Amino acid sequence: MIICHPLKLIFIKTKKVGGTSFEIALSSYCDDDSIITPISPKDDESRRELGYPGPQNHQIQTWPDGNEGTQAFFNHMTAGQIRAAVPQDIWESYTKITIWRDPYDAIISRYYWERMDKRDIPFDQFVGHFRSVLSENRRIAPLTGPNSPDIFLRYEHLEEDVNALGIDDLWTRFSSLSAKAALRPKHGADPATVFARHPDTADLIEQEAADEIARFGYARPVATPDPVTPNRTSAAISGHPPSGSGAAPGLRPDFIFTLSAGRTGTAWLARFLGENLNIPSVHEPFGLDDYGTRLPSIGHMRRFNTYGMNGPICDFWEGKLGELQAPYAESNHTLGKCGLIESLVEHGLAPRSTIVVLRRDLAKQIASYINRNDFFNITVPWQWYLHPTYPNKIVDPTPLKHLGDVGTAIWYALEMEARYAYYKALYGDQLHFVETTLEEATTPNGAAKLLRALGHTRHAKLPPKTNASSQNNHITDTLIAEVETLLSRINFNAEEAAMSFIQRGNRLDVPALPRQDATVGKVAAE
């Protein structure tokens, strides 16, 4: 994205619309204080060769009024994120523009850009299982409301619309570029041909993109269906994916990740998946060069739970997900607390991934934190868990503060329960979630059930438990009983907390909104 001060213009960059070429051309009009976010190294090199300004001021800014800022700007920021990061007078006085594209054509471009054809994922299955791609540009640049851009440049009429901006020579500079050249085949990949083979997928797009189709006058591609393939083969047309979750049942995922609180058996699960599926299975990568690359750093954890999906977080996930090779499993519980789910739904790995939600008996889980003094030293929750001082949180910790570190441990466990519900509510139709508990998965029947959910019917091998507490059993049992007593006095519903958070307009991937109701998201003592 770009904030060009000389033109008083903000470019909100949507996806698969020629945005990188437009961004390169627009950067030629920027001054030293304008904000330009990084693009790919190859495209930035092309920009340098043209003599245009490259990435600048995307982490530290000097605004036209002389005030300084330390906001993190990044590629494909949503309009809402940009609005929250810039001074109000900039947002109100600058022209906000974006580029829009026919959804029937854009989804085909995305399919080949993600190389789904090379991964043998059929087009209709990609659209059905990766439905978020149909609405992602509306999330970046809403069609209506206070965050809506002022001008929508139409991809199909770019010359006309760009020239209408009245910026001298912009069309000439833009049309001479070809960043991120198309990867789709020259034949058989045009919308009319593709949707003749997949009419149910066209139905789905017509339903999901109805607002933009009506606004911009897009029409459903029409062609004579291929008589060799008369069957309608859409993966999902009813409004819900076949399994009720983001991937079809019985499919073996290429990638498995966990959503877990920690002290829930993630080390055991890593070994279980490796031994039973015969795939690389990682718990927590601890190599010297892993922190900040394969394993989130303290900075990543704190940034995500304060600012959401800002530049450093997006860079971390782009690097981590981009290096993974199938098949692969990872049960590192920190990932789900700093953007794993948000990154997957925007990535080509989404339809090939399964998320295992791994729980443990709540009292035993909390007692384990207390036994280990996990919330005594602030650096431990910063690196591994969460802390109640973070702005981005679903559950209000106030009623538990009087319990000290014990209350913090309870709050954390409840916050994670609310986050499981939050992610399933928002992304349950885009990602495949499988739920289990440590107590269930470590039994023969529970282990077999988990393997079946992952597309395997083989006999389950149960590895021994790992990371078991070395504390005296009597002390542990006593503590568990005390925690159970405390939990029995708490009135808390994870699904209600998550839905209340969502309905108030909050999301974990953007900076938190001020709490309007002191009772919302709180736990209450009976």
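The model shown is predicted, which means the values in this text are computed figures rather than measured ones. Scope of the values below: all heavy atoms of this structure, side chains included, with no hydrogens, waters or symmetry mates.
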Spatial distance of atom CG (Leu7) from atom OH (Tyr29) [nearest 0.5 Å]: 7.5 Å
For Pro6, side chain to side chain contact (heavy atoms under 4.5 Å, CB included) partners two or more places apart: Cys4, Asp31, Ser34
From Asn137 atom CG to Leu143 atom CG, the distance as rounded to the nearest 0.5 Å: 9.5 Å
Gln61 side-chain N/O to Asn57 backbone N/O, donor-acceptor pair under 3.5 Å: yes
Side-chain donor-acceptor contact under 3.5 Å, Arg197 with Thr193: no
Between Tyr390 and Phe304, ring centroids under 6.0 Å: no
Evaluation steps, side-chain contact (heavy atoms from CB on, under 4.5 Å), between Ile313 and Phe74: CA-CA 10 Å; Ile313 301 300; Phe74 56 93; over 6 Å; no
Main-chain N/O of Pro388 paired with Glu415 side-chain donor or acceptor, under 3.5 Å: no
Partner residues of Ser46 under the side-chain hydrogen bond (donor to acceptor under 3.5 Å, both in side chains) criterion, sequence neighbours left out: none
Sequence-distant partners of Ser297, side-chain hydrogen bond (donor to acceptor under 3.5 Å, both in side chains), two or more places apart: His300
Test log, rule ring pair (Phe, Tyr, Trp, His ring centres under 6.0 Å), inputs Tyr112 and Phe126: CA-CA 11 Å; Tyr112 287 105; Phe126 164 70; 9.6 Å; no
Flag if over 12 foreign heavy atoms under 6.0 Å of OH, Tyr307: no
Thr172 backbone acceptor or donor facing Asp169 side chain under 3.5 Å: no
Asp32 CG: over 12 foreign heavy atoms closer than 6.0 Å: no
Criterion side-chain contact (heavy atoms from CB on, under 4.5 Å) on Met416 and Leu386, from CA distance to verdict: CA-CA 9 Å; Met416 289 306 300; Leu386 295 170; 3.9 Å; yes
Nearest heavy atoms of Asn493 and Glu496, plus distance in Å: OD1-N, 2.8 Å
Pairing residues for Thr258 by the side-chain hydrogen bond (donor to acceptor under 3.5 Å, both in side chains) criterion, not counting sequence neighbours: none
4.5 Å side-chain heavy-atom contact, Trp91 and Ile82: yes
Sequence neighbours excluded, every pair satisfying ring-ring contact (aromatic ring centres under 6.0 Å, His included) that has a member inside residues 131-178: Phe22-Phe174, Trp100-Phe152, Phe152-Phe216, Trp171-Phe174
Residues Arg220, Asp203; criterion salt bridge (Lys or Arg N to Asp or Glu O under 4.0 Å); working and verdict: CA-CA 9 Å; Arg220 179 179 178 136; Asp203 292 344; 2.6 Å; yes
Any donor-acceptor N/O pair, Asn75 side chain to Ile39 backbone, under 3.5 Å: no
side-chain hydrogen bond (donor to acceptor under 3.5 Å, both in side chains): pairs with one or both residues in residues 310-321, sequence neighbours excluded: Lys320-Glu330
Side chains of His58 and Thr37, donor plus acceptor under 3.5 Å: no
Side chain to side chain, Ile97 and Pro149, heavy atoms closer than 4.5 Å: no
Heavy-atom closest pair, residues Phe123 and Val194: CE2-CG1, 3.5 Å
N/O donor-acceptor pair under 3.5 Å between Ser148 side chain and Pro142 backbone: yes
Distance in Å, Leu26 CG paired with Ile24 CD1, rounded so as to fall on 0.5 Å steps: 11.0 Å
Residue pairs passing the salt bridge (Lys or Arg N to Asp or Glu O under 4.0 Å) test where at least one lies in residues 45-56, sequence neighbours excluded: Asp44-Arg47
Backbone N/O of Ile99 and side chain of Thr14: donor-acceptor pair under 3.5 Å: yes
Test item: Cys30 and Ile2 side chains (from C-beta on) under 4.5 Å apart, heavy atoms: yes
Basic-acidic side-chain contact under 4.0 Å: Arg154, Glu160: yes
Nearest-0.5 Å distance, CG of residue Asp211 to OG of residue Ser135: 11.5 Å
Non-hydrogen side-chain atoms of Leu344 and Ile355 separated by less than 4.5 Å: yes
Tyr104-Glu206 side chain donor-acceptor pair, cut-off 3.5 Å: no
Qualifying residues under side chain to side chain contact (heavy atoms under 4.5 Å, CB included), relative to Thr389, sequence neighbours excluded: His387
Residues which pass side chain to side chain contact (heavy atoms under 4.5 Å, CB included) with Leu426, listed by chain and number, not counting sequence neighbours: Tyr422, Ile502, Arg507
Partner set under side chain to side chain contact (heavy atoms under 4.5 Å, CB included) for Ser176, not counting sequence neighbours: none
Side-chain heavy-atom pair Arg101, Glu156 within 4.5 angstrom cut-off: yes
Residues Asn332, Val282; criterion side-chain contact (heavy atoms from CB on, under 4.5 Å); working and verdict: CA-CA 7 Å; Asn332 172 5; Val282 176; over 6 Å; no
side-chain contact (heavy atoms from CB on, under 4.5 Å) between Tyr111 and Ile107, worked out: CA-CA 6 Å; Tyr111 174 77; Ile107 192 68; 5.9 Å; no
Ser28 side chain vs Ala25 backbone, donor-acceptor pair below 3.5 Å: yes
Salt bridge (Lys or Arg N to Asp or Glu O under 4.0 Å) pairs, two or more places apart, involving residues 134-153: Lys15-Glu136, Lys96-Asp150, Arg110-Glu136, Arg138-Glu212, Arg139-Glu346
Candidate list Asn147, Ile140, Thr78, test side chain to side chain contact (heavy atoms under 4.5 Å, CB included), partner Ile12, passing option: Ile140
Ser27 side chain vs Tyr52 backbone, donor-acceptor pair below 3.5 Å: no
Please list every donor-acceptor pair under 3.5 Å in which a side-chain atom of residues 63-73 meets a protein atom from a residue at least two apart or in another chain.
residue : atom : partner : partner atom : Å
Asp65   : OD1  : Asn67   : N            : 2.9
Asp65   : OD2  : Asn67   : ND2          : 3.0

Residues, nucleotides or ligands: over 12 heavy atoms within 6.0 Å of Ile60 CD1: no
